[in-house]
K.L.:
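Here you go, one structure.
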Amino acid sequence: MRQPMNADARDGRDEMAEFAEELKQVERRVVRRVDPHPRSAMVIAGAVFVLLVSALLPWMGDAAGWQVLLGQTDPALKVGVLPRLFGGFALFFGVLLTALTLSLRLWALAWVATLGCWLSVMLGLLSVWTRQTVFQAPGPGPGLYVAALALAVLGIQWFRQSWSRP
């Protein structure tokens, strides 16, 4: 025959149920987070710095990256949509979302940063290609190449962080 539980046994079970629920909540928080190695975080921060410096370098002719992004270039340069789009993607995914992801360390944001950086790299390569095919206009400048390379480094680093989750 089953004996009724005393108050101490019920309290023990309630405490264990609370502890199990708290343990599940901690597990959910840990699974959603990504913890970059300090060296990787420094590489990511360095790539963001290089990306910001590339905005000061000429992207086409004498026009710097920030001028291309803001549309303040000489009309004779024939700046198309792709370089401006690349500048916007580089700023959003390469600088803003990367900083947000490093701050919040959320796994889902790391994947968005990964995909956004690689999309930006593709836009950068297309921007270089379109600048090389424009008739009687200056070709791509060093800033455009440096920006695409910095975004490739960011894409690789974020992919390593995103893929490392068990």
Side-chain angles (χ1 to χ4, degrees), residues 11-60 63-72 79-131 140-166:
D11 288 343
R13 286 191 181 192
D14 290 343
E15 288 177 13
M16 288 302 291
E18 288 175 14
F19 179 70
E21 183 60 35
E22 184 179 340
L23 195 59
K24 286 179 186 177
Q25 289 175 358
V26 168
E27 180 185 15
R28 280 190 295 257
R29 280 195 306 256
V30 167
V31 166
R32 290 185 353 199
R33 295 178 63 86
V34 63
D35 191 23
H37 190 270
R39 183 173 156 197
S40 296
M42 289 303 291
V43 170
I44 290 170
V48 169
F49 179 72
V50 169
L51 186 59
L52 289 172
V53 168
S54 75
L56 301 175
L57 296 173
W59 277 20
M60 50 199 68
W66 66 270
Q67 291 172 323
V68 172
L69 177 63
L70 297 177
Q72 297 178 348
V79 177
V81 174
L82 276 174
R84 287 190 183 124
L85 192 63
F86 170 65
F89 272 62
L91 177 68
F92 180 75
F93 288 109
V95 177
L96 299 176
L97 191 64
T98 293
L100 185 67
T101 305
L102 275 179
S103 300
L104 298 178
R105 297 176 186 243
L106 292 177
W107 183 73
L109 276 180
W111 270 112
V112 173
T114 300
L115 298 174
C117 285
W118 282 114
L119 179 62
S120 300
V121 169
M122 293 301 119
L123 286 173
L125 293 176
L126 282 172
S127 296
V128 168
W129 177 71
T130 58
R131 290 310 305 168
L144 199 56
Y145 290 111
V146 171
L149 184 64
L151 282 164
V153 169
L154 283 172
I156 290 168
Q157 290 299 316
W158 280 126
F159 183 77
R160 288 178 60 209
Q161 297 303 316
S162 302
W163 199 260
S164 69
R165 181 176 170 206

K.L.:
List in chain and number order the residues that pass side-chain contact (heavy atoms from CB on, under 4.5 Å) with L91, two or more places apart in sequence or in another chain; answer none if no residue qualifies.
P.N.:
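In terms of side-chain contact (heavy atoms from CB on, under 4.5 Å), with neighbours along the sequence ignored, L91 is linked to L69, V95.
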K.L.:
State the CH2-OG distance between W66 and S54, to the nearest 0.5 angstrom.
P.N.:
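OG of S54 is found 14.0 Å from CH2 of W66.
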K.L.:
If the condition is side-chain contact (heavy atoms from CB on, under 4.5 Å), which residues does A47 pass it with, not counting sequence neighbours?
P.N.:
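Here the qualifying residues are V153, L154.
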K.L.:
State whether the number of non-hydrogen atoms from other residues, nucleotides or ligands found under 6.0 Å of M42 atom CE is greater than 12.
P.N.:
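Not more than 12 within 6.0 Å, no.
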K.L.:
Quick one, F86 and W59 - any side-chain contact, counting heavy atoms below 4.5 Å?
P.N.:
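A side-chain contact exists here, since the closest heavy-atom pair is under 4.5 Å.
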K.L.:
When rounded to the nearest 0.5 angstrom, what distance separates CG in L51 from CG in L151?
P.N.:
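Reported to 0.5 Å precision, the distance equals 5.0 Å.
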K.L.:
Among all residues two or more places apart in sequence or in another chain, which pass the side-chain contact (heavy atoms from CB on, under 4.5 Å) test with L100?
P.N.:
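Per chain and number, L100 pairs via side-chain contact (heavy atoms from CB on, under 4.5 Å) with L97, L104, L109.
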K.L.:
Between S162 (side chain only) and F159 (backbone N and O only), is there a donor and an acceptor less than 3.5 Å apart?
P.N.:
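Side chain of S162 to backbone of F159: no pair is present.
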K.L.:
Can you find a heavy atom in the side chain of W118 that is under 4.5 Å from one in the side chain of T114?
P.N.:
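Touching, per the 4.5 Å side-chain cut-off.
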K.L.:
Given side chains that start at C-beta, do those of F49 and V53 come closer than 4.5 Å, heavy atoms only?
P.N.:
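Yes, their side chains come closer than 4.5 Å.
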K.L.:
Answer whether the closest heavy-atom distance between the side chains of R131 and P83 falls below 4.5 Å.
P.N.:
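Sidechains of P83 and R131: in contact.
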K.L.:
Are any of the side-chain heavy atoms of F93 and T98 separated by less than 4.5 Å?
P.N.:
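When only atoms from C-beta onward are counted, T98 and F93 do not touch, as no gap falls below 4.5 Å.
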K.L.:
Any non-hydrogen side-chain atom of R105 less than 4.5 Å from a side-chain atom of P36?
P.N.:
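They are in side-chain contact.
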K.L.:
Does any part of the side chain of V50, heavy atoms only, come nearer than 4.5 Å to the side chain of V146, both counted from C-beta?
P.N.:
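Yes, side chains in contact.
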K.L.:
Mark yes when over 12 heavy atoms from residues, nucleotides or ligands other than R160 sit less than 6.0 Å from its CZ; otherwise mark no.
P.N.:
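Result for CZ/R160: open.
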